[in-house]
Amino acid sequence: MLDLGRTFLQSVERRPDGVAIVDGAVRLTWLQWSQQVGRLAHGLKAIGLNRGDMLLSVLQNRLEAATLHWACQFLGVVIVPLNWRAKPDEVDYCLQDSDAKFLVYEPIAADSVAQSQLARRVKRIAVQGAPGGDLLYESLLATGDHPSPEAHSDDLSIMLYTSGTTGKPKGVPRRQRTERISALAHVAQNQYGYDERTLGVMPLYHTMGVRSLLALALVDGRFICCPKFDPVQALSAIEHERVTHLYLVPTLYHDLIGHSRFQCMDISSVRKLGFAGAPMHDGLLLRLNQVFKPELFVNHYGSSEIYTFSINQDAVGKPGSAGRAGINSRLRVVPIDATSPDCIAGKGQEGQIIADLCGDESFEGYHNRPDANAKSLRDGWYFTGDTGYVDADGDLFVTGRVDDMILSGGENISPVDIESILSLHPSVDEVAVAGLRDERWGQRVVAFIKSRAEVDPEVLDAHCRSSDLVNFKRPREYVFVREIPKSPVGKILRRKLIAGEYEKV
């Protein structure tokens, strides 16, 4: 099987003069980018990075980050990308856990690197003149030419760290073959063609960002770097680069079409939409379909551990459905408290979603975390921690996280269904539902609303009553907030709502 280095060379050989990457005023063809990747690979090897070593990076989505990713693939070096907002203790933790001996960072992360105790013990490579570096990134580009693959498809490619919302982040090592197969599946399931163009806005420390980067190399495409999401800059890039598809989390779509400049920009080149990372509420789904009128609208459900769980290529035709297992996957739903993968839930019965670890996109276990492996990997299946059910047609619906389940009056209540119904009210901009402690009910259902127009709780309650939402799931309280707290990749942070970490209006 081809390794990732040879995969990159396919596009260089097929389309040497095609534009491969854009970062501001910098535009490189596949041939020009290949030369830069080759020089960086040569420089990294010269300073002592070898096949199997791990390299920590703290970078935004910029040319240097994408070039570093590919140089590591050629060398067989395992890239360990971190959120560029990482705090010093997070840098320390990941340096220690990964045993990385090199750290690449840019000015925006310089303070965290300077305050990290362990960063002082490794070689620090500074991008764009970031202070405190032992070496300048630019100095590594002094010599060399086109890269030569030194890795094999079975070598490790990357180690992503999970968000760590319920404990220490877990390292998810993935091999080059699983990364390539995942990218191939992404191309097929999103029906990408040659010369596709995408916004490189999903971070390269997240599986969605990595998938966009790799998929474009399979179709000789164009990756437009977006170091930090800004709706105006994103819309400008769509217009000027004639972006053909978007693959974003729902939050970014919301911010994109909600901006005052959206109506002024030419988005006609965008033919395909895809989303992942979090459920998309019905209201946003319908608004996106109306303004983009896409040929294809894909709901992709997956994770860092197993890139694709399921795919729904007609997200509007069956709102809320995550579809069916992807081309490299097998899925089941088991009762929430099940310990065996063979105890399968019935149609319509809510339970925990599990995936076959024999799938070609699967990881093999967490790095240095036997406790996490024991919890999540059982009898050849990955227990996702997500809740959902399969409907009468055989389609999967994801209802939330096991940890997000609200237990009220002895009933298990998932937030997602309630959020989708409330999102359809014209006065609701964003909504998140969580369970707050209640002496009588155990937990009470509370809806946190970011509104686009003034609205009374009684009106929202009447809206819920007029829907098909069963009575015990109706919110017992409405809280109006300035913002819904989210992670850097757009996931709702219900724990912050439960802890009272929000601003009322």
Side-chain angles (χ1 to χ4, degrees), residues 3-12 15-16 18-47 49 53-82 84 102-109 123-130 133 135-151 157-158 176 179 183 198-206 209-218 220-227:
D3 54 74
L4 288 174
R6 289 177 175 86
T7 296
F8 183 92
L9 292 178
Q10 286 181 298
S11 281
V12 177
R15 198 177 176 87
V19 176
I21 189 165
V22 176
D23 186 358
V26 178
R27 305 172 70 83
L28 298 179
T29 66
W30 280 100
L31 184 64
Q32 291 169 330
W33 196 18
S34 173
Q35 291 170 331
Q36 192 165 125
V37 170
R39 290 196 294 271
L40 181 57
H42 183 273
L44 292 174
K45 190 172 182 179
I47 62 173
L49 270 163
D53 290 342
M54 292 201 179
L55 176 150
L56 203 75
S57 68
V58 195
L59 299 170
Q60 293 181 316
N61 279 22
R62 55 193 307 153
L63 171 63
E64 293 89 345
T67 304
L68 180 66
H69 190 103
W70 280 113
C72 287
Q73 307 314 309
F74 277 93
L75 291 174
V77 169
V78 186
I79 190 162
V80 184
L82 294 192
W84 52 269
F102 289 82
L103 170 63
V104 183
Y105 66 102
E106 62 175 295
I108 201 166
K123 283 283 188 183
R124 290 164 292 179
I125 302 170
V127 171
Q128 293 288 312
L135 295 165
L136 293 177
Y137 172 92
E138 291 73 20
S139 70
L140 301 178
L141 303 175
T143 60
D145 200 354
H146 295 291
S148 177
E150 298 183 25
S157 162
I158 189 170
Q176 291 210 12
E179 285 291 278
T198 197
L199 283 183
V201 62
M202 289 307 299
L204 291 174
Y205 61 78
H206 189 275
V210 176
R211 213 58 49 218
S212 289
L213 181 69
L214 300 189
L216 269 289
L218 291 166
D220 313 346
R222 184 179 303 181
F223 188 84
I224 298 108
C225 296
C226 296

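Index from 1, following the sequence.
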Measure the spacing between [atom1] of [X] and [atom2] of [Y] and express it to the nearest 0.5 Å.
X	Y	atom1	atom2	result
Cys72	Leu55	SG	CG	5.0 Å
Arg124	Leu103	CZ	CG	8.0 Å
Arg62	Gln60	CZ	CD	7.0 Å
Leu49	Ile125	CG	CD1	6.5 Å
His42	Phe74	NE2	CZ	15.0 Å
Ile21	Arg27	CD1	CZ	11.5 Å

State, yes or no, whether a side-chain contact exists between [X] and [Y] at a heavy-atom distance under 4.5 Å.
X	Y	result
Leu56	Tyr105	no
Val210	His69	yes
Leu40	Leu68	yes
Val104	Leu59	yes
Phe102	Leu44	no
Leu63	Leu28	yes
Leu82	Tyr205	no
Val77	Lys45	no

Okay, side chain of [X], backbone of [Y]: is any donor-acceptor separation there less than 3.5 Å?
X	Y	result
Asp145	Gly38	no
Gln176	Asp3	no
Asn61	Leu204	yes

Minimum heavy-atom separation for [X] and [Y], please, with both atom names.
X	Y	answer
Ser11	Asp220	OG-OD1, 2.6 Å
Val127	Pro107	O-CD, 3.2 Å
Pro227	Asp23	CG-OD1, 4.5 Å
Arg6	Pro149	NH1-CB, 3.5 Å
Leu199	Cys226	CD2-SG, 3.8 Å
Gly133	Ala126	CA-CB, 4.0 Å

Next on the checklist: Which label fits Trp70 and Phe8: parallel for a plane angle under 30°, tilted from 30 to 60°, or perpendicular past 60°?
Outcome noted: tilted

Next on the checklist: side chain to side chain contact (heavy atoms under 4.5 Å, CB included), that's the test. Do Leu214 and Glu179 meet it? Break it down for me.
Outcome noted: CA-CA 8 Å; Leu214 300 189; Glu179 285 291 278; 3.8 Å; yes

Next on the checklist: When you compare the side chains of Glu64 and Gln128, does any donor N or O come within less than 3.5 Å of an acceptor on the partner?
Outcome noted: yes

